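Notes for the one structure printed next.
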Amino acid sequence: MSVPTHGPLFLTNTLTRKKEEFVPLRPPHVGLYVCGPTVYSDVHLGNVRSFLTFDVLYRWLTHIGYNVRYVRNITDVGHLVGDVDEGEDKIAKRARLEQLEPMEIVQKYTNGFHDVMRLFNVLPPSIEPTATGHLIEQIGMVERILKSGYGYEANGSVYFDVSKYAEKHAYGELSGRKIDELMTNTRDTEGMDEKRSPLDFAIWKKAEPQHLMKWPSPWGEGFPGWHLECSAMSTKYLGLTFDIHGGGMDLKFPHHECEIAQSVAADGVAPVRYWMHGNMLTVNGRKMAKSEGNGFTPEELLSGNHKLLEQGYSAMTVRFFMLQSHYASTLDFSNAAMQAAEKGLERLMAALTTLDALTPVATFDPAHDTTLDALIKSANAYMNDDLNTPRAIAVLFEGIPVINNAAAKREDRSGFSAEQLSRWREFYHGIAGDVLGLQHEQRVVANDRALDGLVQEFIRMRAEAKARKDFAASDAIRDKLVAFGIVLKDTKEGTTWERA
RNA sequence: GGUCGCGUGGCCGAGUGGCUAGGCACAGCUCUGCAAAAGCUGCUACUGCGGUUCGAAUCCGCACGCGACCUCCA
């Protein structure tokens, strides 16, 4: 099988700020690394968007025939509260506040993160390494950086020497920053005399005696710097140079810039061939962020129990909503937009159900083949064009009238042959399901069968009433059911029901 | 202040130098006992002002407005 099977894939490489054809280092293998969460609190919707973006990338790469090793880390140490390497560790702080062991915090929020990912139908990565599980690798990397002369030890901590690095390498190339501008704009450096320059960053940090999260190292007890883990773990699992590194736009600087510098300093090669950055989810035009206090958790979203939410929205509605915009654009969350997405998704999923329920006819429409060929072609082209999911979704909608038409009309030639049906189903389930990860909501849970049996009985009674033209009785049944949130739909095949 | 980006129809949101995404909403019609659902039809936008061009919403300049990053953040 040739790779890729769906034509060349183009991705926007934020390193060059251009759309480039994606050619992996060692096809059919693709190495993909995505910065995962720091597990010190609940993930919010903005975080979800980022993981969703790379979920679709992972799904698409797989769909077009690549063998993807997807590494997404869990940051469970080293991420400090403040800036300039002086604050408290985020997890340690949370542990103190919640009066738990740091690892209990890590476990708690890792579990929560996994639950949320499952809820949004985000696939698990191939490897989900933790920073604390890779202390050896990180210490090794610090040693290599020291050996190459780009790090220095000060009072039990080790810092990366940005100025020295910038003499020979392009520090700032990813984020478009110039070193002297960075120097000018940096805030006061008082109280940080361990660092030679405010731009330097910790790759190993000395731990105070009371510090809970610390490990022995050649420089004494301490813990690794935040940026280091991604470099160490991506190197370990994907090699010195790998294909794609993804993350949120806000990680571009300094996090990813530091990753590049560390890898080049330690191993002499640029670590990443294609950098990809997802854009931010905004609320009323402002970035959703924990510090802004405008984020909501998936639980609040589902229940609608938040001052910014007019109602609850399902995870699939959110997924669909997010995929209706391009990953590189900011996306503004609003109730009106969510309600529109809810309706749109409903229509799409209803069409899928209709398609699955269609029965083949003898006098089918031969045009369904050419129509489908066109849909397939453009859907693939759009996905290959830097993951244009909104366009791919639009393609799915283009075929919906064809499906609905076939279902609504029994007499004409709008029907499908058995072969056409299987091809259409394969396409719709492939794009909507496998690639975009949209799935039916499980709206009714435990007593689904009991409820269905009950409603079917009412439908039967109503049909009897209609048969004897007792419309008062039939309407009464329908209205009663509506009051209970059950909506009846009359079709040529009979009456179906769904929840309002 | 520096760097980067954005400004599209009632709303959300794609996009290309000429071939008028899609969703939601709205209106009319068809189907239906009625309604819902479904189908058909309609709704032609691109912040402002200049410029390049046969032709620009799409390229360039300026202005205005908004945002992101520059400090932890997906």
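Labels below follow one simple rule: chain letters A, B, ... track the order of the sequence lines, proteins then strands, and each chain is numbered from 1. Atoms considered below: every heavy atom in the structure, side chains included; atoms not considered: hydrogens, waters and symmetry mates. Predicted model only: the values in this text are computed from it and were never measured.
- For F223(A) and H211(A), the gap between ring centers is short of 6.0 Å.
- Between Q324(A) and F253(A), the one whose closest nucleotide on RNA chain B sits nearer the 5' end is Q324(A).
- Comparing rG33(B), rA74(B), rG15(B) by their nearest atom to the side chain of R462(A) picks out rG33(B).
- Ring pair Y70(A)/Y58(A) is tilted by interplanar angle, where 30° to 60° counts as tilted.
- A sub-4.0 Å separation between OP1 or OP2 of rG39(B) and a side-chain N or O of N404(A) is present.
- Distance alone, capped at 3.5 Å, is enough to place a donor-acceptor pair between the S157(A) side chain and the K206(A) backbone.
- Within the nucleic acid shown, K287(A) comes within 4.0 Å of at least one base atom, counting heavy atoms only.
- Within 4.0 Å of M288(A), counting heavy atoms only, lies at least one base atom of the nucleic acid.
- Comparing the same atom, P, in rA57(B) and in rU47(B) gives a spacing of 9 Å after rounding to whole Å.
- Comparing G176(A) and G344(A) by the nucleotide of RNA chain B that holds the closest heavy atom to each, the one mapping nearer the 5' end is G176(A).
- Within 6.0 Å of atom CZ in F458(A), 12 or fewer heavy atoms from other residues, nucleotides or ligands are found, so the atom counts as exposed in its surroundings.
- Residue R72(A) places no side-chain N or O under 4.0 Å from the OP1 or OP2 atom of rA74(B).
- At rG23(B), none of the side-chain N or O atoms of K343(A) fall inside 4.0 Å of OP1 or OP2 (strictly under the cut-off).
- Among the atoms of the strands shown, only primed sugar atoms or phosphate atoms (P, OP1, OP2) are found under 4.0 Å from some heavy atom of G285(A).
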